[in-house]
Visitor: 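My structure is below; once you've seen it, I'll send some questions.
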Amino acid sequence: MEGEGLLRIHGDGDQFVEVSVSPASLDSAAAKANDFLSSTKENSMMMFTIANWKLWGLMGGALTLLSVVGYTLGLLKWMITGIKSTFTCSDNL
């Protein structure tokens with residue numbers, strides 16, 4: 001698949017795990033994985049990598065757009081409600 005890199009980690013025997021990694025960070029992810037696996041001081045068995053930057057970019061854009069639309073609709077509702085209350089006649093006169 002275009003825009004996707006795979007980091008393959010081999011274990012005992014024929015066992016291996018393939019981790020999806022962004023091609024832009026594939027070299028640094030491989031270096032971090034080698035340091036992580038060769039370190040004797042590491043207590044954790046977890047490592048964070050960015051798998052697909054396009055997905056996160058699109059999700060961030062979609063959430064931003066949703067927020068802008070929500071705030072705009074709220075502002076329009078507030079403005080229309082204020083204009084309606086200004087021109088509404090009162091029966092108490």
Side-chain angles (χ1 to χ4, degrees):
M1 181 190 312
E2 184 179 319
E4 182 179 9
L6 290 175
L7 178 65
R8 183 180 276 194
I9 301 172
H10 292 270
D12 292 333
D14 293 336
Q15 296 178 344
F16 67 90
V17 175
E18 287 184 341
V19 180
S20 179
V21 179
S22 170
S25 61
L26 190 57
D27 292 334
S28 66
K32 281 174 42 177
N34 285 331
D35 292 343
F36 176 79
L37 293 171
S38 63
S39 174
T40 57
K41 295 183 270 183
E42 196 65 47
N43 293 331
S44 171
M45 292 304 292
M46 198 180 314
M47 188 176 114
F48 178 79
T49 63
I50 298 173
N52 192 347
W53 64 270
K54 293 178 210 169
L55 174 68
W56 290 110
L58 291 174
M59 289 297 291
L63 290 175
T64 301
L65 180 63
L66 183 64
S67 299
V68 168
V69 168
Y71 283 121
T72 302
L73 290 175
L75 180 64
L76 286 173
K77 182 181 176 187
W78 174 75
M79 289 172 60
I80 291 170
T81 305
I83 291 170
K84 277 186 178 179
S85 65
T86 303
F87 292 110
T88 304
C89 294
S90 177
D91 292 336
N92 296 336
L93 293 176

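Throughout, residue positions are numbered sequentially from 1 according to the sequence presented.
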Visitor: Mind checking side-chain contact (heavy atoms from CB on, under 4.5 Å) for Q15 and listing every partner two or more places apart, or none if nothing turns up?
Guide: none
Visitor: With a cut-off of 3.5 Å and sequence neighbours excluded, list every side-chain donor-acceptor pair involving residues 58-73.
Guide:
unit_1, atom_1, unit_2, atom_2, d
T64, OG1, G60, O, 2.8
S67, OG, L63, O, 3.0
T72, OG1, V68, O, 2.7

Visitor: Quick one: closest heavy-atom pair of L7 and A33, and the distance?
Guide: CD2-CB, 4.0 Å
Visitor: With a cutoff of under 4.5 Å between side-chain heavy atoms, which Ile, Leu, Val, Met, Phe, Trp and Tyr residues group with L6?
Guide: none
Visitor: Got a sec: does the CG of D35 have more than 12 other heavy atoms crowding it under 6.0 Å?
Guide: yes
Visitor: For the atom pair CE (M79) and OG1 (T81), what is the distance rounded to the nearest 0.5 Å?
Guide: 11.0 Å
